[in-house]
2 protein chains.
Amino acid sequence: MNSQSNEIKKDYDFINESLINVYDSIMRIEESEIRRSRFKDITAKEVHLVHTIGLHDRKTTSQVAHILKLSKGTLTANLNTLERKGYVMRIANQEDHRIINLGLTSKGRLLYRAHDAFHKLLVQRFLKGFDNDEIHLIKQAMVNLEEFIDEVSAK
Amino acid sequence: MNSQSNEIKKDYDFINESLINVYDSIMRIEESEIRRSRFKDITAKEVHLVHTIGLHDRKTTSQVAHILKLSKGTLTANLNTLERKGYVMRIANQEDHRIINLGLTSKGRLLYRAHDAFHKLLVQRFLKGFDNDEIHLIKQAMVNLEEFIDEVSAK
DNA sequence: CTAATTTAGTTCGAATATCAAACTAAATAT
DNA sequence: ATATTTAGTTTGATATTCGAACTAAATTAG
């Protein structure tokens, strides 16, 4: 094996290990960032839920459960906690009284923005030192990954 | 805002959303790949454990617990299941009788290699269409990310 | 226009997962 | 030899999740 292809193998292996490690770590540092913030009563999972509800404002409970791939029962349990803690609102639907629409309280939106800011910082660091063309290329790799995920999911 | 910087913002936003989504999805497709394979009695978490034990052969229970950031009690519980299912071996240490070294059975190694092959495929698809320089660049972005993670973890 | 059916969300019971503290046995230090 | 430390297991408490049964509301069929 020549030293050139050896380099490439190293890059491959590094990326492989990285893809496995990084996501675990991101969950972990999100948790520790929250512990350091003013929102101490919240777990990483709960932030994930607040993020999803913030992103999909006024969706129904069933829609959010589907997006998060949680059972309705599990979502109900999580909503009770997040409502009690004051991050999420259940909004009765006037047209259809079976439906509950979900939204964030102002405290929930504060958490949403804090979490979003942290993620923006993460992406900035991910892309540190790259020019626009290079960033576009990295984006393309993420597109590849999502395509692969979609393919496998569809099987 | 000109169209150039708008493009870049789009790339940023896409990468941001992607980084959040992809982890969840990878866990999910790993689970569904396992269900389709001959190793149907295994969860994604358990594969993760088998992967770690395979990667760090003959490490002690405490070392593996530390690597996985699990309590020793939790690891013991998981080891019991994986030993019962025939993927993992506890190996008594001859020098120090308190220590248990962990290893994979041949069935465990089969699972390890199947899982590894799936990850290699994932990385191939991630890097599809890029030349060596571009792959090196993408690797550098992963290095950036790990550096950021290490920094935040150390705080 | 009722009846039956479907739909949205909650409740409940069972199964798992996790942690931290107490515990056991072995090794090391005093 | 005795006390302390270390490695791993056990135990009890708490969390999470699921799916099935349930309630209430909306829709459909007769």
Side-chain angles (χ1 to χ4, degrees), chain A residues 24 27-28 30-32 34-35 40-53 56-85 87-103, chain B residues 23-25 27-28 30-32 34-35 40-53 56-85 87-103:
Chain A
D24 244 32
M27 275 308 241
R28 221 178 298 282
E30 291 206 341
E31 188 91 37
S32 73
I34 297 155
R35 291 281 154 274
K40 294 191 203 313
D41 60 343
I42 280 285
T43 66
K45 268 180 195 164
E46 287 171 333
V47 174
H48 187 49
L49 220 153
V50 167
H51 175 84
T52 303
I53 292 173
H56 304 277
D57 194 45
R58 310 287 142 140
K59 286 255 191 307
T60 70
T61 301
S62 294
Q63 288 171 329
V64 171
H66 180 78
I67 293 166
L68 290 166
K69 275 133 187 152
L70 289 177
S71 72
K72 295 190 295 174
T74 300
L75 183 55
T76 295
N78 286 311
L79 290 176
N80 290 341
T81 329
L82 286 172
E83 200 175 46
R84 181 169 45 72
K85 290 179 180 172
Y87 294 96
V88 165
M89 287 188 298
R90 286 176 161 108
I91 303 148
N93 185 301
Q94 289 314 307
E95 281 88 57
D96 186 334
H97 292 306
R98 293 169 307 178
I99 292 176
I100 306 272
N101 295 105
L102 300 177
Chain B
Y23 170 74
D24 251 29
S25 310
M27 277 307 244
R28 221 178 298 283
E30 290 205 341
E31 187 92 34
S32 73
I34 296 155
R35 292 279 156 272
K40 297 191 201 310
D41 60 344
I42 280 284
T43 65
K45 267 181 194 163
E46 286 171 335
V47 174
H48 188 49
L49 220 153
V50 167
H51 175 84
T52 304
I53 292 173
H56 304 276
D57 194 46
R58 309 287 141 140
K59 286 254 190 308
T60 70
T61 300
S62 294
Q63 288 170 329
V64 172
H66 180 77
I67 293 166
L68 291 166
K69 275 133 187 151
L70 290 177
S71 72
K72 295 190 295 175
T74 300
L75 183 56
T76 294
N78 287 312
L79 290 176
N80 290 341
T81 329
L82 285 172
E83 200 175 46
R84 180 169 46 73
K85 291 179 180 172
Y87 294 95
V88 165
M89 288 187 298
R90 285 176 160 108
I91 304 147
N93 185 300
Q94 289 313 308
E95 280 89 56
D96 186 335
H97 293 304
R98 292 169 307 178
I99 291 175
I100 306 271
N101 295 105
L102 300 177

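Chain naming here is simple, since letters A, B, ... match the order of the sequence lines and numbering starts at 1 in each. Values in this document were obtained by computation on a predicted structure and should not be read as measured data. Side chains are part of it too, since the values below use all heavy atoms of this structure and drop only hydrogens, waters and symmetry mates.
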Exercise for the section: Take atom NZ of B:Lys40 as the centre, draw a 6.0 Å sphere, and report whether it contains more than 12 heavy atoms from other residues, nucleotides or ligands. Expected result: yes
Practice task
For A:Thr74, answer base if it contacts any base atom (sugar-phosphate contacts may also be present), sugar-phosphate if it contacts only those atoms, and nothing otherwise; contact means non-hydrogen atoms under 4.0 Å.
Solution key: base
Exercise for the section: Check the distance between D:dT16's C1' and A:Asn78's CG and give it to me in whole angstrom. Expected result: 8 Å
Exercise for the section: Using only side-chain N and O atoms of A:Asn93, determine if any of them is under 4.0 Å from OP1 or OP2 of D:dA25. Expected result: no
Problem - Interatomic distance where CG belongs to B:Asn80 and C1' belongs to D:dT9 [whole Å] - result: 9 Å
Handout entry: B:Lys72 side chain, from C-beta outward: closest of D:dT17, D:dA25, D:dG8
Key = D:dG8
Exercise for the section: Could you state the atom-to-atom distance from NZ of A:Lys45 to C1' of D:dA15 in whole Å? Expected result: 8 Å
Exercise for the section: Using heavy atoms to find the nearest nucleotide of DNA chain D for B:Ile99 and A:His97 separately, return the residue whose nucleotide is more 5′. Expected result: B:Ile99
Problem - Protein-nucleotide distance (B:Asp96, atom CG; D:dG8, atom C1'), rounded to Å - result: 11 Å
Problem - Segment of DNA chain C, first to last nucleotide, that comes within the 4.0 Å heavy-atom reach of chain A - result: C:dT7 to C:dT11
Practice task
Check every strand shown and say whether A:Ser71 touches a base, only sugar-phosphate, or nothing at a heavy-atom separation below 4.0 Å.
Solution key: base
Practice task
Measure the distance from CG on B:Leu68 to C1' on D:dG8 and round it to the nearest whole Å.
Solution key: 16 Å
Problem - Minimum-distance pair of heavy atoms, taken over all atoms of B:Thr81 and B:Glu46 - result: CG2-OE2, 3.7 Å
Practice task
Using a heavy-atom cut-off of under 4.0 Å over every strand shown, decide if B:Thr61 touches base, sugar-phosphate, or nothing.
Solution key: sugar-phosphate
Fill in the blank from the handout: Checking N1-N3 plus N6-O4 or O6-N4 for Watson-Crick, or N1-O2 and O6-N3 for wobble, each under 3.5 Å, the partner of D:dA24 is C:dT7
Handout entry: B:Arg58 to B:Asn101 - nearest heavy-atom pair and separation
Key = O-ND2, 2.7 Å
Practice task
Using a heavy-atom cut-off of under 4.0 Å over every strand shown, decide if B:Glu95 touches base, sugar-phosphate, or nothing.
Solution key: sugar-phosphate
Handout entry: Backbone of B:Ile42 reached by a side-chain donor or acceptor of B:Arg35 within 3.5 Å
Key = yes
